[in-house]
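These notes concern the structure reproduced below.
Keep in mind it's a predicted model, so treat the numbers as computed, not measured. All values below come from the heavy atoms of this structure, side chains included, with hydrogens, waters and symmetry mates left out.
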Amino acid sequence: MEKTLKKIIISGGGTGGHIFPAVSIANELKARDASIDILFVGAENRMEMEKVPAAGYKIVGLPVSGFQRKNLLKNFSVLLRLWKSMAKAKKVLKEFHPDVAVGVGGYASGPLLKQAQRLNIPTLIQEQNSYAGVTNRLLAKKVARICVAYPGMEKYFPADKIILTGNPVRQDVVVIEGKKEEALAYFGLQPGKPTLLIIGGSLGARSINESVLASIDLLVNSDVQVIWQTGKIYYKRIMATLKTIDHPNIKVSDFVTRMDLAYSLADLVISRSGAISVSELCLCAKPAILVPSPNVAEDHQTKNATALVDKQAAVLVKDVDAKEMLIPKAFEILKNKELRAGLSKNISKLALRDSASAIVDEIFKLIK
């Protein structure tokens with residue numbers, strides 16, 4: 001490949017579901033050509049401002065924020081921040097001169113990609129969910145490529161621009177073969193016992209945590225081993241509750257650093273249905289109960305979960321029903337080896353591998 005300096009700008013963030021794909025794309029770009037200059041653009045005071053530099057990349061923050069659905073009066077300040085973000089995005093683009101601008105979703109991707117389109121810079125967006133977000137739908141008309149994770153996205157985007165790539169995930173998380181022995185030692189668990197992995201994202205999921213606590217006696221008195229990621233917000237309160245309960249078969253932490261080891265042991269996973277979590281479950285071929293978060297834009301997690309349920313690739317428990325149904329449903333599935341095998345087989349069929357590589361292929365086509 002020619003060594004003329006190439007420049008790529010990657011915009012988006014707000015949640016790990018946007019940041020991890022963005023960093024995966026950047027890592028693949030660097031793996032292809034170490035001379036590529038990459039600049040991230042995020043939203044000020046959001047987690048990308050910490051996570052992206054930790055991954056080794058430069059980032060610029062925009063003062064953009066999301067619209068308030070519940071308090072419309074607050075949107076006057078939101079509009080002012082949007083105007084300032086548009087101006088700053090234009091300045092960043094003119095100073096950096098990128099060959100391609102990539103948007104991965106999140107507040108910052110709208111202003112940055114809109115200004116890139118006005119400056120005739122080729123743009124590419126990556127839509128992680130089965131239900132396209134408002135920002136990506138607005139950008140789609142003038143974008144050059146649209147990389148998606150689910151089939152059937154023609155209902156949101158121009159069909160001739162869509163490339164089915166899947167979601168880039170952290171590769172160290174989904175390489176799980178041959179790690180069971182290491183995982184048993186890492187978590188202090190026993191071989192041969194059914195293992196339930198409970199995750200709710202890095203911040204945690206209140207309804208999932210409350211469901212576990214509501215059924216704690218059932219879990220403690222069973223032969224089921226549990227790896228439970230509570231999230232940082234809930235960890236101290238949960239540990240205080242468990243202080244008087246003997247729970248040697250339940251391993252509790254605020255955040256599971258070695259998700260590859262957790263996935264390698266899991267006979268069943270309870271999870272939210274964010275795009276990246278779903279992609280990881282597909283790649284690891286793990287039977288799962290999905291509990292969609294009700295607190296996300298346009299209820300996209302329910303749509304992600306439904307896309308799997310329709311193919312008999314996962315089980316859905318509504319957030320409102322979780323406290324009563326979640327753990328009993330988990331026990332029911334853990335006892336049914338045939339059902340778990342079917343879920344595992346069907347979810348693995350939905351896995352799209354080498355997603356970051358496929359997206360970078362499209363970025364290089366736009367450069368050329």
Side-chain angles (χ1 to χ4, degrees), residues 1-2 4-14 17-33 36-42 57 89 92-93 96-169 275-276 279 300 304 307 350-368:
M1 183 174 292
E2 65 272 19
T4 53
L5 183 65
K6 300 177 184 67
K7 293 186 173 186
I8 308 295
I9 206 160
I10 302 175
S11 182
H18 295 310
I19 296 165
F20 294 137
V23 171
S24 295
I25 292 167
N27 290 344
E28 179 65 20
L29 283 164
K30 281 291 190 182
R32 298 272 191 101
D33 185 347
I36 287 178
D37 193 5
I38 299 172
L39 176 66
F40 279 77
V41 175
Y57 296 102
V92 169
L93 287 163
F96 188 66
H97 295 295
D99 295 289
V100 179
V102 178
V104 296
Y107 299 143
S109 65
L112 192 284
L113 264 74
K114 191 68 178 175
Q115 292 291 38
Q117 290 172 347
R118 288 174 177 172
L119 295 169
N120 294 317
I121 296 166
T123 54
L124 176 149
I125 54 177
Q126 198 253 330
E127 175 56 63
Q128 291 109 23
N129 294 292
S130 63
Y131 183 86
V134 173
T135 300
N136 279 348
R137 294 205 303 270
L138 292 172
L139 293 167
K141 188 175 180 181
K142 293 186 177 179
V143 84
R145 295 281 193 285
I146 303 167
C147 296
V148 300
Y150 292 85
M153 297 299 284
E154 296 82 4
K155 55 183 174 282
Y156 306 114
F157 300 130
D160 60 331
K161 296 180 180 181
I162 294 174
I163 311 290
L164 183 61
T165 59
N167 283 321
V169 300
I276 302 307
S279 294
H300 68 256
N304 289 348
L350 305 178
L352 291 166
R353 303 182 187 279
D354 302 317
S355 298
S357 180
I359 292 168
V360 168
D361 286 344
E362 298 305 317
I363 293 172
F364 277 140
K365 288 175 187 176
L366 294 179
I367 294 173
K368 291 176 182 176

Could you measure the distance from the [atom1] atom of [X] to the [atom2] atom of [Y]? Nearest 0.5 Å is fine.
X: D37; Y: H97; atom1: CG; atom2: NE2; result: 12.0 Å
X: I367; Y: L29; atom1: CD1; atom2: CG; result: 7.5 Å
X: T123; Y: R118; atom1: OG1; atom2: CZ; result: 13.0 Å
X: S357; Y: I25; atom1: OG; atom2: CD1; result: 11.5 Å
X: K365; Y: L124; atom1: NZ; atom2: CG; result: 11.0 Å

> Do Q117 and L139 pass the side chain to side chain contact (heavy atoms under 4.5 Å, CB included) test, and can you show the C-alpha distance, the side-chain angles, and the key distance before you say yes or no?
Replying inline: CA-CA 9 Å; Q117 290 172 347; L139 293 167; 4.0 Å; yes
Do the non-hydrogen side-chain atoms of [X] and [Y] ever get within less than 4.5 Å of each other?
X: P98; Y: I121; result: yes
X: R137; Y: V134; result: yes
X: F157; Y: N136; result: yes
X: Q126; Y: V102; result: no
X: R32; Y: D361; result: yes
X: I163; Y: R145; result: yes
X: I363; Y: I359; result: yes
X: Y156; Y: Y131; result: yes

Could you tell me which non-hydrogen atom of [X] sits nearest to which non-hydrogen atom of [Y], and how far apart they are?
X: I276; Y: P168; answer: CD1-O, 4.0 Å
X: A140; Y: I146; answer: CB-CD1, 4.0 Å
X: I38; Y: A26; answer: CD1-O, 3.6 Å
X: Y150; Y: A307; answer: CE2-CB, 3.9 Å
X: S11; Y: L113; answer: CB-CD1, 4.3 Å
X: C147; Y: E362; answer: SG-CG, 4.3 Å

> For K30, which residues count as a salt bridge (charged side-chain N to carboxylate O under 4.0 Å, His left out) partner, sequence neighbours excluded?
Replying inline: none
>> Can you list everything that forms a salt bridge (charged side-chain N to carboxylate O under 4.0 Å, His left out) with D354? Sequence neighbours excluded, please.
In response: none
>> Tell me whether the count of non-hydrogen atoms from other residues, nucleotides or ligands lying under 6.0 Å of NZ in K155 goes above 12.
In response: yes
>> Under the rule for ring pair (Phe, Tyr, Trp, His ring centres under 6.0 Å), what residues qualify as partners of Y57, not counting sequence neighbours?
In response: F40
>> Checking Q128 against V104 for the side chain to side chain contact (heavy atoms under 4.5 Å, CB included) test, could you report, in this order, the C-alpha distance in whole Å, the side-chain angles of both residues, the deciding distance, and whether it holds?
In response: CA-CA 8 Å; Q128 291 109 23; V104 296; 4.0 Å; yes
> Between the main-chain N or O of D99 and the side-chain N or O of K6, is there a donor-acceptor pair closer than 3.5 Å?
Replying inline: no
>> One pair to check against side chain to side chain contact (heavy atoms under 4.5 Å, CB included): K7 and I9. What are the steps and the verdict?
In response: CA-CA 7 Å; K7 293 186 173 186; I9 206 160; over 6 Å; no
>> Set out, in order, the CA-CA distance, both residues' side-chain angles and the distance that settles side chain to side chain contact (heavy atoms under 4.5 Å, CB included) for F20 and N167, then state yes or no.
In response: CA-CA 10 Å; F20 294 137; N167 283 321; over 6 Å; no
